[in-house]
Amino acid sequence: MKNKSWISFFLVICFILNLLLTYLLIDARALYNLYQQFTNIDQQTKLIDENHPSETNYYRTVEPTMDQVLAPCQIIVNQEGQLYWLPQHILEELLKDVFNQPFVEITQKQARIDAIELNEHLSKNHVQFIFPNKMPLAFFANWVKIPIDTNHQFAINRIVLSRGKDHKVYLVDSINKAYLEGKYDPQKMSDEFLRRVDKTLDQAVMVDEYAINRDSVYLPKQHLTSPSQVYTLEKIPENLFINPVFKGENFDITESQEEHTRLYHNYNKNLMIDDNTNILIMSQNENYNNQMTQKDLYDINLETKIKESLKVLKNFEYWRQGLRVFSENQHQIVYRRYLGGLPIFPQGDHVDYGAVKISLTNHVKRINLNQLQLPILTLGVNVDDQSRPIDIETGAEIQALLDKAGLKFSQFNQIVLGFEWQANMENFKKVELVPKWFFIVGNRVYSIDQIKNGFVREDLAKKPSETDSVN
């Protein structure tokens, strides 16, 4: 019986082999492919790597520097009493030539507070660099030689270059009408640079100065038209965020079909991605947080806050069109995404795809990332033929709109031209960014459309004013 069983088993094996060899003889290509799979694996892998770059190679995080996130947002030129606003693309070009080495030497070590004298300086021919935020003098060490006995914490938001032969410079806190005086090196800040500024005046926009809350803004005199920008959208693959968060640690995944969210988590880290908004929220809870109270948290100075948050951006942010510090408070710093030198804001109360919010903790002088809120959408290809012309209001038109709405310039801390990210994205396939004016009160941002429809007046009446919170 045993011999018959072995014979049957042997006949079955022979039958299967016969079928396989018959198939391979008929299809020589199959035989060749089988051979390739066993003898040419290395070449196949190399060929795939060359022709199909991995996600890691295609998507690269940005590495912004402190100079870039604190860069000026506007150049104003006073030429014989007429004020000009240089286009943003010219600003970007000039910055490469100006802020690459220290060119200012401070000659007045104590700040002077004198609004009348400051206005007199600003009434003369000058080139003025305006920054989006007031920052301590220490942050401008790459541009300004700061004497040891000068107050490094004196905060400025403007650098004014006089066109006089004395090469005077004024480092200005325009909110408190204070300034330090210095001079610029004509070899490092050459006449050639100033000539380039003069050559661009035919492309510049004539502006008037308007007083706002404790400061001033420059708004166009003539009617302007600017095109909207239409881009395809790209979603950064979420697997690219997992390693920077967990760094090889084990984690679990919890998915909510109702809320359209996924939560990657372990004992002290959470990474949540919302498919409805394409917003990532990462939080980190050290073990000591369970027993930690507000008294255990130390304040974080602005320099440390920026340096530590830049490390976070280098791990998580893929936006390549520019970032700048927008606001900061006790433990949080908010960066705003830029496009073409202009900040991006949301449409009304829709999701803010222009903001990156980073919260830090300082426990026993140990700085940690507490929470990151980040849009995972970035811009793809510019669809130029789908843009449309947009009218930009003049200063006089804005004045008339405010009067009609029962509002005043003095109620706003800042008025800026920016892009509004439109809420309709065709299922996150493309976005239109519309240029328009935005009005800032503390940390609240309103569009000019909200001025027109009465929302701003109602909102300011309901909420306590943050106007005087600017230092």
Side-chain angles (χ1 to χ4, degrees), residues 67-104 118-119 121-135 139-140 142-144 156-164 167-175 179 182 184-186 188-210 212 215-222 224 226 321-322 324-325 336 338-343 392 394-395 414-419 435 437-438:
D67 288 350
Q68 291 170 338
V69 299
L70 298 177
C73 59
Q74 194 175 32
I75 294 181
I76 298 294
V77 178
N78 186 331
Q79 184 77 6
E80 305 302 334
Q82 177 58 60
L83 298 170
Y84 297 90
W85 174 12
L86 296 190
Q88 298 305 104
H89 71 275
I90 294 176
L91 166 64
E92 300 295 326
E93 293 172 8
L94 293 176
L95 288 181
K96 296 175 184 177
D97 297 333
V98 179
F99 296 110
N100 54 11
Q101 61 180 325
F103 64 92
V104 175
L118 179 58
N119 284 335
H121 294 315
L122 293 176
S123 68
K124 299 175 182 177
N125 290 354
H126 67 261
V127 177
Q128 184 176 168
F129 296 91
I130 299 178
F131 297 81
N133 299 282
K134 268 176 51 173
M135 291 292 166
F139 286 19
F140 298 88
N142 287 346
W143 310 325
V144 181
I156 66 172
N157 60 346
R158 304 190 186 193
I159 295 179
V160 180
L161 307 180
S162 169
R163 298 298 296 267
H167 303 133
K168 287 284 185 68
V169 177
Y170 303 99
L171 307 172
V172 179
D173 170 1
S174 64
I175 295 171
Y179 65 94
Y184 63 86
D185 186 334
K188 294 178 180 178
M189 174 59 71
S190 65
D191 291 337
E192 174 59 27
F193 166 77
L194 296 175
R195 280 195 291 270
R196 285 181 60 192
V197 169
D198 291 337
K199 287 179 181 178
T200 62
L201 291 184
D202 60 340
Q203 305 174 50
V205 176
M206 288 191 292
V207 294
D208 286 325
E209 186 174 11
Y210 291 80
I212 56 174
D215 206 348
S216 63
V217 293
Y218 299 92
L219 302 175
K221 294 178 71 171
Q222 68 257 45
L224 301 175
S226 181
Q321 286 78 18
R324 287 196 176 99
V325 174
R336 193 147 291 281
Y338 271 62
L339 175 65
L342 298 177
I392 306 297
T394 65
Q414 194 54 263
I415 301 173
V416 299
L417 186 65
F419 282 112
W437 293 107
F438 292 88

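For this chain, numbers begin at 1 and follow the sequence in order.
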- [ ] Just do the side-chain contact (heavy atoms from CB on, under 4.5 Å) check on Arg163 and Gln79 with the steps written out, would you?
- [x] CA-CA 9 Å; Arg163 298 298 296 267; Gln79 184 77 6; 4.2 Å; yes

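- With rounding to the nearest 0.5 Å, the separation of CG in Asn157 from CD1 in Ile130 is 8.0 Å.
- Taking 4.5 Å as the limit, some side-chain heavy atom of Gln203 sits within range of a side-chain heavy atom of His89.
- Between atom CZ of residue Arg158 and atom CD of residue Gln128 there is a gap of 4.5 Å, rounded to the nearest 0.5 Å.
- For the atom pair OG (Ser174) and CG (Leu122), the distance works out to 9.0 Å, reported to the nearest 0.5 Å.
- Atom CZ of Arg324 and atom CZ of Phe131 lie 9.5 Å apart (nearest 0.5 Å).
- Between Phe140 and Phe129, a ring centre-to-centre spacing not shorter than 6.0 Å is recorded.
- Taking 4.5 Å as the limit, every side-chain heavy atom of Lys221 sits out of range of all side-chain heavy atoms of Thr394.
- With rounding to the nearest 0.5 angstrom, the CG atom of Leu201 is 12.0 Å from the NZ atom of Lys199.
- The main-chain N or O of Lys134 is never found under 3.5 Å from a side-chain atom of Asp173 such that the two would form a donor-acceptor pair.
- Residues forming a side-chain hydrogen bond (donor to acceptor under 3.5 Å, both in side chains) with Gln88 (at least two apart in sequence, or on another chain): Trp85.
- Side-chain contact check for Leu83 versus Asn78: some heavy-atom pair is nearer than 4.5 Å.
- With hydrogens and angles ignored, the 3.5 Å screen pairs no side-chain donor or acceptor of Asp215 with any backbone N or O of Ile175.
- The structure places CD1 of Ile415 at 10.0 Å from OH of Tyr210, a figure rounded to the nearest 0.5 Å.
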Please test Asn125 against Glu80 for side-chain contact (heavy atoms from CB on, under 4.5 Å), starting from the C-alpha separation and ending with a verdict. CA-CA 6 Å; Asn125 290 354; Glu80 305 302 334; 3.0 Å; yes

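- Of the possible donor and acceptor atoms, none in the side chain of Asn142 sits under 3.5 Å from a partner among the backbone N and O of Asp67.
- Residues forming a ring pair (Phe, Tyr, Trp, His ring centres under 6.0 Å) with Tyr179 (at least two apart in sequence, or on another chain): His121, Tyr170.
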